[in-house]
Amino acid sequence: MTDAGLQGRLADFTLEEILQLIALQQKTGLLSVDASYPMFLAFDAGMLVAFRDRRRAGADPLEEFLKRYGFFEVAAWENVEFVQKNSRLDLTEILVNESMLTEEELEKVQFDAVQEDVFRGMQLRDGRYHFTPGHEFLTGLKGRVRFKVDGLLMEAVRRIDEFSGLQETFFSHDLTIRRTETEVDLE
C-alpha cells in the first residue's frame with residue numbers, strides 16, 4: 001500500500017484479503033466499504049481499534065447489534081436516545097455511565113458485534129472499498145476496541161462453514177424459526 005491508500009472492488013479483492021494485508025503490514029488508517037452492508041473499520045498498527053464512527057452518517061453497528069439481540073427494553077433505549085440528544089456522549093459511554101453494561105460486558109458485546117460485522121462483510125462480493133492510511137483519522141474516535149484481525153477472520157470463517165451446514169440441515173420453505181421467551185421441551 002502506498003500513501004495514496006488502497007481502493008478497489010470487492011469482486012477483485014475480498015474483505016478477508018484486505019484485512020489480512022492491513023494486519024500483516026501493520027497499517028494504521030481507515031477502511032470504508034461501500035456495499036449493500038456498508039462498513040467502517042479503523043486500524044492502529046494492524047490491530048482493529050474501531051468498527052463504528054459516530055462522526056459519519058448512518059446506523060451505529062453496535063446499537064443495531066444490541067437491538068437485534070434484544071439487550072434492553074424499550075424504556076432503556078428511550079433513555080439512551082434522550083442522553084444522546086442532550087449530550088456529546090458516545091453510546092459506549094452511555095451504556096457504562098447508565099449502568100446498562102459493565103466495562104467487561106461492553107468489551108464482550110463489542111467483540112461479538114465486530115465479529116458479526118466482519119462475518120457479514122466477508123460475504124460481500126459486490127461493492128467498493130477504500131483504505132486511507134494515517135494516524136490522523138483515529139483522532140476523535142470513541143468506543144475504541146483492540147482486536148487482532150486474524151482471530152476475527154478465523155471466527156468469521158468458522159461461522160461461514162457452520163452456516164452452510166445449517167442451511168443444508170434445516171433449509172426448508174416450510175420451516176420457521178422463532179425466538180421464544182420460554183424453553184421448549186423437545187422430548
Side-chain angles (χ1 to χ4, degrees), residues 1-25 27-44 46-72 77 80-81 84-85 88-95 106-160 163-164:
M1 286 184 275
T2 66
D3 288 337
L6 176 70
Q7 61 185 350
R9 298 176 333 136
L10 291 171
D12 299 329
F13 204 48
T14 64
L15 182 63
E16 52 267 33
E17 292 169 323
I18 299 162
L19 294 177
Q20 287 174 354
L21 182 64
I22 292 169
L24 184 63
Q25 294 188 3
K27 293 295 183 182
T28 297
L30 298 180
L31 174 65
S32 297
V33 177
D34 183 23
S36 59
Y37 182 70
M39 297 176 68
F40 159 84
L41 301 169
F43 298 89
D44 186 12
M47 297 282 288
L48 179 68
V49 294
F51 65 103
R52 44 190 293 278
D53 184 359
R54 74 180 209 178
R55 301 174 298 185
R56 296 172 180 260
D60 182 334
L62 177 60
E63 183 175 334
E64 285 183 341
F65 178 85
L66 293 169
K67 287 180 176 179
R68 183 171 37 257
Y69 292 106
F71 270 77
F72 308 111
W77 282 113
V80 167
E81 289 173 17
Q84 285 175 324
K85 288 178 184 172
R88 296 183 151 266
L89 295 176
D90 180 67
L91 175 61
T92 57
E93 295 166 318
I94 295 169
L95 294 172
L106 177 61
E107 184 176 340
K108 169 79 170 94
V109 166
Q110 285 183 300
F111 181 78
D112 291 344
V114 74
Q115 191 66 67
E116 188 166 294
D117 209 35
V118 170
F119 168 72
R120 291 176 72 181
M122 283 177 59
Q123 296 175 60
L124 296 171
R125 294 296 178 254
D126 186 31
R128 300 195 63 76
Y129 63 87
H130 185 175
F131 179 77
T132 308
H135 283 90
E136 65 274 11
F137 298 110
L138 303 180
T139 304
L141 284 177
K142 296 198 175 201
R144 297 203 25 192
V145 296
R146 190 150 185 87
F147 301 125
K148 289 185 175 184
V149 171
D150 57 349
L152 294 171
L153 289 172
M154 288 175 56
E155 175 63 18
V157 167
R158 183 191 65 77
R159 288 182 185 196
I160 289 169
F163 186 71
S164 63

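FYI, side chains are in, hydrogens and waters are out, and symmetry mates aren't considered; it's all heavy atoms of this structure. Numbers here simply count residues along the sequence, with the first being 1.
Interatomic distance, CG of Leu41 versus CG of Leu15, reported as 7.0 Å (0.5 Å rounding). If you take OH on Tyr129 and CE on Met39, they are separated by 14.0 Å, rounding to the nearest 0.5 Å. Taking NE2 of His135 as the reference point, atom CG of Asp44 lies at 5.0 Å (rounded to 0.5 Å).
Exactly one of Gln84, Arg52, Lys67 qualifies for a side-chain hydrogen bond (donor to acceptor under 3.5 Å, both in side chains) with Asp60. That residue is Arg52.
In this structure, Leu141 and Phe40 approach most closely via the heavy-atom pair CD2-CZ, 3.9 Å. Between Phe65 and Glu116 the shortest heavy-atom distance is CE1-OE1, 3.8 Å. Here the closest non-hydrogen pair linking Ala35 and Gly127 is CB-CA, 4.0 Å. Considering every non-hydrogen atom in both Gly5 and Pro133, the closest pair reads CA-CD, 3.5 Å. When all heavy atoms of Glu64 and Ala59 are compared, the closest pair comes out as OE2-CB, 2.9 Å. Here the closest heavy-atom approach between residue Leu138 and residue Gly29 is recorded as CD2-O, 4.4 Å.
With contacts defined as side-chain heavy-atom distances shorter than 4.5 Å, the pair Val49/Arg146 qualifies. The closest side-chain heavy-atom distance from Leu124 to Tyr37 is below 4.5 Å. The shortest side-chain heavy-atom distance between Glu63 and Val80 does not fall under the 4.5 Å cut-off. Put simply, the side chain of Leu21 does not reach to within 4.5 Å of the side chain of Phe131, judged on heavy atoms. Under the 4.5 Å side-chain criterion, counting only non-hydrogen atoms from C-beta, Gln20 is not in contact with Asp150. Side-chain contact check for Leu31 versus Ile22: some heavy-atom pair is nearer than 4.5 Å. You'll find the side chain of Leu19 reaches within 4.5 Å of the side chain of Phe43, heavy atoms only.
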query: Taking it one step at a time, do Glu93 and Arg144 satisfy salt bridge (Lys or Arg N to Asp or Glu O under 4.0 Å)?
result: CA-CA 11 Å; Glu93 295 166 318; Arg144 297 203 25 192; over 6 Å; no
Go through the steps for Leu10 and Ile18 under the test side-chain contact (heavy atoms from CB on, under 4.5 Å), then give the verdict. CA-CA 9 Å; Leu10 291 171; Ile18 299 162; 4.2 Å; yes
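Scored by the side-chain hydrogen bond (donor to acceptor under 3.5 Å, both in side chains) test, Arg128 finds no partners at all (sequence neighbours excluded).
Sparse packing is recorded around CG of Asp126, with 12 or fewer heavy atoms of other residues, nucleotides or ligands lying under 6.0 Å away.
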With a 3.5 Å cut-off and sequence neighbours excluded, list the donor-acceptor pairs that the side chains of residues 107-115 form with protein atoms.
unit_1: Lys108; atom_1: NZ; unit_2: Asp112; atom_2: OD1; d: 2.9
unit_1: Lys108; atom_1: NZ; unit_2: Asp112; atom_2: OD2; d: 2.9
unit_1: Gln110; atom_1: NE2; unit_2: Gly143; atom_2: O; d: 3.1
unit_1: Gln115; atom_1: NE2; unit_2: Leu152; atom_2: O; d: 2.8

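Using cut-offs of 30° and 60° on the angle between ring planes, the pair Trp77 and Phe72 is perpendicular.
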